[in-house]
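As a basis for the values below, the full set of heavy atoms in this structure was taken, side chains included, without hydrogen atoms, waters or symmetry mates. The structure presented is a predicted model; accordingly, all values stated were derived computationally and were not measured. First the proteins, then the strands, lettered A, B, ... as listed; each starts at 1.
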Amino acid sequence: MNQSKDPFEAAYEEQEESPPDSPLAPADFDRRPASPPSAAAPASQNAATAPDDEETDHVNPSDPSPSAPASASAKIKGKSKEEDEDEEEENMEVELAKFPASGDPNKMAKMQTILSQFTEDQMTRYESFRRSALQKATMRRLLVSITGSQKISMPVTIVVCGIAKMFVGELIETARMVMTERNESGPIRPCHIRESYRRLKLEGKVPKRSVPRLFR
Amino acid sequence: MSSSGAAGQSSKPAKAGPSQPSETSTKRKRGMFQKDLQHMMYGFGDDPNPIPESVALVEDIVVEYVTDMVHKAQDIGSKRGKISVEDFLYLIRKDMPKLNRCTELLSMQEELKQARKAFDVDEDKLASLE
(Lines give C-alpha, C1' and ligand atoms only; values in the text may rest on other atoms or scores of the structure.)
Protein backbone atom coordinates (compact mmCIF):
# COMPACT_ATOMS: atom_id res chain seq x y z
CA MET A 1 0.00 0.00 0.00
CA ASN A 2 2.29 2.66 0.91
CA GLN A 3 5.68 3.58 0.69
CA SER A 4 5.86 5.37 3.80
CA LYS A 5 7.76 4.59 6.73
CA ASP A 6 6.92 1.86 8.85
CA PRO A 7 3.73 2.91 10.49
CA PHE A 8 4.15 0.33 13.12
CA GLU A 9 7.23 1.95 14.35
CA ALA A 10 5.73 5.24 14.48
CA ALA A 11 2.64 4.10 16.09
CA TYR A 12 4.44 2.27 18.74
CA GLU A 13 6.19 5.36 19.62
CA GLU A 14 3.09 7.40 19.48
CA GLN A 15 1.42 5.39 22.06
CA GLU A 16 4.02 5.50 24.70
CA GLU A 17 2.64 6.44 28.01
CA SER A 18 5.80 7.57 29.60
CA PRO A 19 6.81 11.16 29.27
CA PRO A 20 9.16 12.21 26.57
CA ASP A 21 12.39 11.72 28.32
CA SER A 22 14.55 9.75 26.05
CA PRO A 23 17.95 11.31 26.34
CA LEU A 24 19.18 9.27 23.50
CA ALA A 25 21.04 9.85 20.35
CA PRO A 26 19.65 12.45 18.06
CA ALA A 27 17.86 9.88 16.11
CA ASP A 28 15.85 8.84 19.01
CA PHE A 29 13.28 11.39 19.50
CA ASP A 30 11.00 11.91 22.36
CA ARG A 31 8.20 9.57 22.23
CA ARG A 32 5.06 11.39 22.48
CA PRO A 33 2.76 9.97 25.06
CA ALA A 34 0.21 11.09 22.67
CA SER A 35 -3.25 11.12 23.91
CA PRO A 36 -4.63 10.79 20.48
CA PRO A 37 -3.06 7.62 19.41
CA SER A 38 -2.96 8.92 15.99
CA ALA A 39 0.27 8.27 14.41
CA ALA A 40 0.97 10.71 11.82
CA ALA A 41 1.32 9.54 8.41
CA PRO A 42 4.66 8.13 8.27
CA ALA A 43 5.43 9.66 5.13
CA SER A 44 9.03 9.45 5.70
CA GLN A 45 10.97 6.48 5.06
CA ASN A 46 10.62 4.16 7.40
CA ALA A 47 11.31 4.13 10.59
CA ALA A 48 12.67 1.05 11.08
CA THR A 49 15.37 2.95 12.46
CA ALA A 50 14.03 2.18 15.74
CA PRO A 51 17.39 1.96 17.02
CA ASP A 52 16.92 -0.93 18.91
CA ASP A 53 16.29 -3.59 16.88
CA GLU A 54 17.48 -6.06 15.11
CA GLU A 55 16.24 -6.24 12.16
CA THR A 56 19.32 -7.98 11.61
CA ASP A 57 17.41 -11.10 11.79
CA HIS A 58 15.28 -10.01 9.11
CA VAL A 59 17.88 -8.37 7.21
CA ASN A 60 19.24 -10.29 4.37
CA PRO A 61 22.13 -12.26 5.61
CA SER A 62 23.87 -11.06 2.58
CA ASP A 63 24.25 -7.71 4.11
CA PRO A 64 27.94 -7.13 4.50
CA SER A 65 28.08 -4.15 6.80
CA PRO A 66 31.74 -4.54 7.29
CA SER A 67 32.01 -1.90 9.83
CA ALA A 68 29.00 -1.92 11.94
CA PRO A 69 30.16 -0.91 15.29
CA ALA A 70 26.90 -0.32 16.99
CA SER A 71 24.13 -2.71 16.52
CA ALA A 72 22.13 0.32 15.69
CA SER A 73 24.12 1.11 12.67
CA ALA A 74 24.22 -2.45 11.60
CA LYS A 75 20.59 -2.51 11.79
CA ILE A 76 20.24 0.67 9.99
CA LYS A 77 22.59 -0.43 7.30
CA GLY A 78 20.69 -3.55 6.85
CA LYS A 79 17.61 -1.54 6.61
CA SER A 80 18.97 0.88 4.20
CA LYS A 81 19.50 -1.84 1.73
CA GLU A 82 15.90 -2.51 1.57
CA GLU A 83 15.13 1.02 1.99
CA ASP A 84 13.66 1.55 -1.36
CA GLU A 85 10.19 2.66 -1.76
CA ASP A 86 8.83 -0.65 -0.81
CA GLU A 87 10.33 -1.71 2.32
CA GLU A 88 6.91 -2.46 3.55
CA GLU A 89 7.25 -6.04 2.58
CA GLU A 90 10.20 -6.71 4.79
CA ASN A 91 8.78 -4.65 7.49
CA MET A 92 5.73 -6.72 7.59
CA GLU A 93 7.27 -9.37 9.72
CA VAL A 94 9.86 -7.22 11.18
CA GLU A 95 7.67 -4.70 12.71
CA LEU A 96 5.76 -7.18 14.68
CA ALA A 97 8.87 -8.77 16.00
CA LYS A 98 10.59 -5.54 16.58
CA PHE A 99 10.57 -3.83 19.86
CA PRO A 100 8.06 -1.11 19.79
CA ALA A 101 9.75 1.63 21.64
CA SER A 102 13.16 2.38 20.59
CA GLY A 103 15.67 2.63 23.26
CA ASP A 104 13.58 2.44 26.33
CA PRO A 105 13.37 -1.05 27.74
CA ASN A 106 10.37 -0.20 29.86
CA LYS A 107 8.43 1.13 26.97
CA MET A 108 9.50 -1.75 24.86
CA ALA A 109 8.35 -4.23 27.40
CA LYS A 110 5.08 -2.44 27.87
CA MET A 111 4.34 -2.28 24.22
CA GLN A 112 5.25 -5.88 23.81
CA THR A 113 2.84 -6.97 26.47
CA ILE A 114 0.11 -4.88 25.00
CA LEU A 115 0.69 -6.17 21.53
CA SER A 116 0.87 -9.74 22.58
CA GLN A 117 -2.60 -9.47 23.99
CA PHE A 118 -4.21 -8.06 20.93
CA THR A 119 -6.98 -10.03 19.35
CA GLU A 120 -6.69 -10.73 15.68
CA ASP A 121 -9.08 -7.98 14.87
CA GLN A 122 -7.20 -5.48 16.90
CA MET A 123 -4.01 -6.59 15.30
CA THR A 124 -5.21 -6.02 11.77
CA ARG A 125 -6.58 -2.67 12.69
CA TYR A 126 -3.34 -1.71 14.36
CA GLU A 127 -1.44 -2.85 11.34
CA SER A 128 -3.56 -0.68 9.10
CA PHE A 129 -3.02 2.19 11.44
CA ARG A 130 0.71 1.86 11.31
CA ARG A 131 1.16 1.05 7.69
CA SER A 132 -1.27 3.39 6.10
CA ALA A 133 -0.01 6.65 4.78
CA LEU A 134 -0.69 9.15 2.13
CA GLN A 135 1.47 8.72 -0.92
CA LYS A 136 4.35 11.10 -1.02
CA ALA A 137 4.17 11.46 -4.77
CA THR A 138 0.50 12.33 -4.75
CA MET A 139 1.01 14.74 -1.93
CA ARG A 140 3.88 16.36 -3.71
CA ARG A 141 1.74 16.80 -6.78
CA LEU A 142 -0.93 18.41 -4.67
CA LEU A 143 1.57 20.73 -3.03
CA VAL A 144 2.94 21.77 -6.38
CA SER A 145 -0.51 22.56 -7.62
CA ILE A 146 -1.27 24.60 -4.53
CA THR A 147 1.89 26.59 -4.42
CA GLY A 148 2.49 26.82 -8.10
CA SER A 149 6.15 26.26 -7.47
CA GLN A 150 7.93 23.15 -8.57
CA LYS A 151 10.38 23.17 -5.74
CA ILE A 152 8.92 21.26 -2.90
CA SER A 153 11.57 19.70 -0.78
CA MET A 154 11.31 16.20 0.49
CA PRO A 155 11.06 17.06 4.18
CA VAL A 156 8.12 19.32 3.44
CA THR A 157 6.30 16.51 1.68
CA ILE A 158 7.03 14.14 4.49
CA VAL A 159 5.89 16.57 7.15
CA VAL A 160 2.70 17.41 5.30
CA CYS A 161 1.86 13.74 4.84
CA GLY A 162 2.41 13.23 8.54
CA ILE A 163 0.28 16.15 9.55
CA ALA A 164 -2.47 15.11 7.17
CA LYS A 165 -2.54 11.59 8.53
CA MET A 166 -2.86 12.85 12.06
CA PHE A 167 -5.63 15.13 10.96
CA VAL A 168 -7.48 12.22 9.43
CA GLY A 169 -7.04 10.43 12.71
CA GLU A 170 -8.58 13.29 14.63
CA LEU A 171 -11.47 13.44 12.18
CA ILE A 172 -12.26 9.76 12.35
CA GLU A 173 -11.90 9.51 16.09
CA THR A 174 -14.14 12.49 16.65
CA ALA A 175 -16.61 11.01 14.18
CA ARG A 176 -16.65 7.81 16.21
CA MET A 177 -17.32 9.81 19.34
CA VAL A 178 -20.20 11.50 17.60
CA MET A 179 -21.57 8.12 16.64
CA THR A 180 -21.45 6.80 20.17
CA GLU A 181 -23.17 9.92 21.41
CA ARG A 182 -25.93 9.30 18.96
CA ASN A 183 -25.96 5.60 19.78
CA GLU A 184 -25.38 4.58 16.22
CA SER A 185 -23.20 1.83 14.94
CA GLY A 186 -21.73 0.57 11.73
CA PRO A 187 -19.57 2.34 9.21
CA ILE A 188 -19.01 6.03 9.60
CA ARG A 189 -21.37 8.10 7.54
CA PRO A 190 -20.74 11.47 5.97
CA CYS A 191 -23.04 13.18 8.44
CA HIS A 192 -20.80 12.02 11.29
CA ILE A 193 -17.77 13.29 9.52
CA ARG A 194 -19.37 16.64 8.93
CA GLU A 195 -20.30 16.93 12.56
CA SER A 196 -16.80 15.93 13.57
CA TYR A 197 -15.32 18.50 11.23
CA ARG A 198 -17.57 21.14 12.70
CA ARG A 199 -16.39 20.25 16.19
CA LEU A 200 -12.76 20.33 15.18
CA LYS A 201 -13.30 23.77 13.76
CA LEU A 202 -14.76 24.92 17.03
CA GLU A 203 -11.75 23.54 18.83
CA GLY A 204 -9.50 25.46 16.53
CA LYS A 205 -7.74 22.48 15.09
CA VAL A 206 -8.62 23.39 11.56
CA PRO A 207 -6.94 26.42 10.06
CA LYS A 208 -9.41 29.14 9.32
CA ARG A 209 -9.51 30.69 5.97
CA SER A 210 -9.06 34.41 6.10
CA VAL A 211 -10.99 34.71 2.88
CA PRO A 212 -14.16 32.72 2.40
CA ARG A 213 -13.87 29.94 -0.11
CA LEU A 214 -15.47 30.72 -3.43
CA PHE A 215 -16.30 28.52 -6.36
CA ARG A 216 -16.20 25.19 -4.71
CA MET B 1 -17.98 23.76 3.96
CA SER B 2 -19.56 21.59 1.43
CA SER B 3 -23.17 22.43 1.07
CA SER B 4 -23.47 20.13 -1.84
CA GLY B 5 -24.12 16.63 -0.77
CA ALA B 6 -21.91 14.02 0.62
CA ALA B 7 -19.29 14.06 -1.99
CA GLY B 8 -18.92 17.76 -1.54
CA GLN B 9 -16.64 19.07 -4.07
CA SER B 10 -17.67 19.62 -7.57
CA SER B 11 -14.30 18.94 -8.94
CA LYS B 12 -14.30 18.72 -12.59
CA PRO B 13 -13.56 15.48 -14.27
CA ALA B 14 -9.94 14.65 -14.60
CA LYS B 15 -9.54 15.04 -18.31
CA ALA B 16 -12.02 17.44 -19.68
CA GLY B 17 -9.87 19.09 -22.26
CA PRO B 18 -7.97 17.38 -25.02
CA SER B 19 -4.54 16.52 -23.75
CA GLN B 20 -4.11 18.37 -20.56
CA PRO B 21 -1.10 17.13 -18.73
CA SER B 22 -2.26 16.04 -15.34
CA GLU B 23 0.74 17.57 -13.68
CA THR B 24 -0.10 21.11 -14.54
CA SER B 25 -3.80 20.59 -14.81
CA THR B 26 -5.87 22.73 -12.54
CA LYS B 27 -8.45 20.05 -12.27
CA ARG B 28 -8.19 17.79 -9.32
CA LYS B 29 -8.77 14.15 -9.88
CA ARG B 30 -11.21 12.43 -7.68
CA GLY B 31 -9.92 9.74 -5.47
CA MET B 32 -6.36 10.92 -5.27
CA PHE B 33 -5.92 9.38 -1.89
CA GLN B 34 -8.83 7.07 -1.99
CA LYS B 35 -7.11 3.75 -1.52
CA ASP B 36 -4.77 4.98 1.14
CA LEU B 37 -7.55 6.73 2.93
CA GLN B 38 -9.63 3.61 3.13
CA HIS B 39 -6.89 1.77 4.96
CA MET B 40 -6.20 4.77 7.10
CA MET B 41 -9.81 5.15 8.10
CA TYR B 42 -9.96 1.53 9.07
CA GLY B 43 -6.82 1.95 11.11
CA PHE B 44 -8.30 4.87 12.99
CA GLY B 45 -11.56 3.18 13.85
CA ASP B 46 -13.86 3.01 10.90
CA ASP B 47 -15.33 -0.10 9.35
CA PRO B 48 -13.05 -2.33 7.31
CA ASN B 49 -15.04 -1.14 4.31
CA PRO B 50 -15.73 2.52 4.74
CA ILE B 51 -18.61 4.07 2.88
CA PRO B 52 -17.30 5.59 -0.37
CA GLU B 53 -19.03 8.89 0.25
CA SER B 54 -17.33 9.13 3.59
CA VAL B 55 -13.97 8.48 2.01
CA ALA B 56 -14.61 11.12 -0.62
CA LEU B 57 -15.66 13.58 2.03
CA VAL B 58 -12.60 12.90 4.14
CA GLU B 59 -10.43 13.36 1.10
CA ASP B 60 -12.03 16.70 0.34
CA ILE B 61 -11.59 17.81 3.90
CA VAL B 62 -7.97 16.76 3.94
CA VAL B 63 -7.21 18.51 0.69
CA GLU B 64 -8.83 21.65 1.99
CA TYR B 65 -6.86 21.33 5.21
CA VAL B 66 -3.58 20.92 3.38
CA THR B 67 -4.43 23.79 1.08
CA ASP B 68 -5.17 26.12 3.97
CA MET B 69 -2.04 25.07 5.80
CA VAL B 70 0.10 25.63 2.76
CA HIS B 71 -1.38 29.04 2.16
CA LYS B 72 -0.63 29.99 5.73
CA ALA B 73 2.87 28.61 5.46
CA GLN B 74 3.39 30.61 2.32
CA ASP B 75 2.32 33.72 4.14
CA ILE B 76 4.82 33.02 6.86
CA GLY B 77 7.63 32.11 4.56
CA SER B 78 6.79 34.61 1.90
CA LYS B 79 10.09 36.37 2.27
CA ARG B 80 11.98 33.32 1.30
CA GLY B 81 9.97 32.52 -1.71
CA LYS B 82 9.76 28.86 -1.08
CA ILE B 83 8.20 26.90 1.67
CA SER B 84 10.43 25.36 4.23
CA VAL B 85 9.80 22.89 6.93
CA GLU B 86 10.21 25.48 9.65
CA ASP B 87 7.12 27.26 8.41
CA PHE B 88 5.04 24.17 8.93
CA LEU B 89 6.54 23.49 12.29
CA TYR B 90 5.70 27.00 13.31
CA LEU B 91 2.13 26.51 12.15
CA ILE B 92 1.54 23.45 14.23
CA ARG B 93 3.46 24.65 17.24
CA LYS B 94 0.34 24.70 19.35
CA ASP B 95 -0.63 21.17 18.50
CA MET B 96 1.68 19.02 20.58
CA PRO B 97 0.98 15.59 19.13
CA LYS B 98 1.47 16.81 15.60
CA LEU B 99 4.55 18.77 16.46
CA ASN B 100 6.20 15.85 18.17
CA ARG B 101 5.27 13.56 15.37
CA CYS B 102 6.79 15.86 12.80
CA THR B 103 10.02 16.29 14.67
CA GLU B 104 10.16 12.54 15.02
CA LEU B 105 9.62 12.03 11.30
CA LEU B 106 12.28 14.56 10.47
CA SER B 107 14.83 13.08 12.77
CA MET B 108 14.14 9.63 11.42
CA GLN B 109 14.62 10.89 7.95
CA GLU B 110 17.95 12.36 8.94
CA GLU B 111 18.99 9.15 10.49
CA LEU B 112 18.06 7.21 7.41
CA LYS B 113 19.98 9.61 5.26
CA GLN B 114 23.04 9.16 7.40
CA ALA B 115 22.65 5.43 7.33
CA ARG B 116 22.36 5.38 3.59
CA LYS B 117 25.37 7.53 3.22
CA ALA B 118 27.39 5.32 5.47
CA PHE B 119 26.15 2.33 3.58
CA ASP B 120 27.25 3.74 0.28
CA VAL B 121 30.63 4.53 1.64
CA ASP B 122 31.03 0.98 2.80
CA GLU B 123 30.05 -0.33 -0.53
CA ASP B 124 32.72 1.72 -2.15
CA LYS B 125 35.23 0.43 0.28
CA LEU B 126 34.27 -3.09 -0.50
CA ALA B 127 34.44 -2.47 -4.16
CA SER B 128 37.89 -1.00 -3.86
CA LEU B 129 39.07 -3.93 -1.80
CA GLU B 130 38.16 -6.27 -4.55
Report task. Step through the shown structure and confirm whether more than 12 heavy atoms of other residues, nucleotides or ligands are within 6.0 Å of CD on A:Glu181. Result -> yes

Query raised in the report: Tell me, side chain or backbone of A:Ile188 under 4.5 Å from chain B's heavy atoms, or both, or neither?
Result: both

Report task. Apply the side chain to side chain contact (heavy atoms under 4.5 Å, CB included) test between A:Ile146 and each candidate in B:Val63, B:Asp68, B:Thr67; give the one that qualifies. Result -> B:Thr67

Query raised in the report: Just wondering, do A:Leu134 and B:Met40 contact through their side chains at under 4.5 Å, heavy atoms?
Result: yes

Report task. Please look at A:Ile152 and chain B and tell me whether the side chain, the backbone, both or neither of the residue comes under 4.5 angstrom of a heavy atom of that chain. Result -> neither

Report task. Taking the side chain as every heavy atom from C-beta outward, state whether A:Ile163 and B:Val66 have any atom pair closer than 4.5 Å. Result -> no

**Report entry** Side-chain heavy-atom pair A:Pro187, B:Asp46 within 4.5 angstrom cut-off
**Finding:** yes

**Report entry** B:Asp36 CG to A:Cys161 SG distance, which is reported to the nearest 0.5 Å
**Finding:** 9.0 Å

Query raised in the report: In terms of heavy-atom pairs under 4.5 Å with chain B, which of A:Arg176, A:Met139, A:Lys151, A:His192 leads?
Result: A:Arg176

Requested in this report: Measure across B:Lys72 and A:Pro207 and return the closest heavy-atom pair with its distance rounded to 0.1 Å.
Outcome: NZ-CB, 3.7 Å

Query - Minimal non-hydrogen separation, B:Ser84 against A:Val156, with atom names - result: C-CG2, 3.9 Å

Report summary line: On a heavy-atom basis, the closest approach of B:Lys98 and A:Met166 is CA-SD, 3.5 Å

Query raised in the report: Measuring from B:Ser54:OG to A:Ile193:CD1, what's the distance to the nearest 0.5 Å?
Result: 4.5 Å

Query raised in the report: Hey, are the side chains of A:Tyr197 and B:Leu57 touching, using non-hydrogen atoms and a 4.5 Å cut-off?
Result: no

Report task. Please report the closest heavy-atom contact between B:Phe44 and A:Glu173, naming both atoms and the distance. Result -> CD2-OE2, 3.9 Å

Query raised in the report: Can you check whether B:Asp95 reaches A:Glu170 side chain to side chain, under 4.5 Å on heavy atoms?
Result: yes

**Report entry** Contact class of B:Val85 relative to chain A, heavy atoms under 4.5 angstrom
**Finding:** both

Query - B:Glu110 versus chain A, the contacting section by heavy-atom distance below 4.5 Å - result: neither

Query raised in the report: Side chains of A:Thr124 and B:Tyr42: donor-acceptor distance under 3.5 Å anywhere?
Result: yes

Query raised in the report: Between A:Ile172 and B:Met41, what is the shortest heavy-atom contact and its length?
Result: CD1-CG, 3.5 Å

Query - Between SG on residue A:Cys191 and CD on residue B:Glu53, distance to nearest 0.5 Å - result: 11.5 Å

Requested in this report: Give a yes or no on whether the backbone of A:Val159 and the side-chain of B:Arg101 come within a donor-acceptor separation of less than 3.5 Å.
Outcome: no

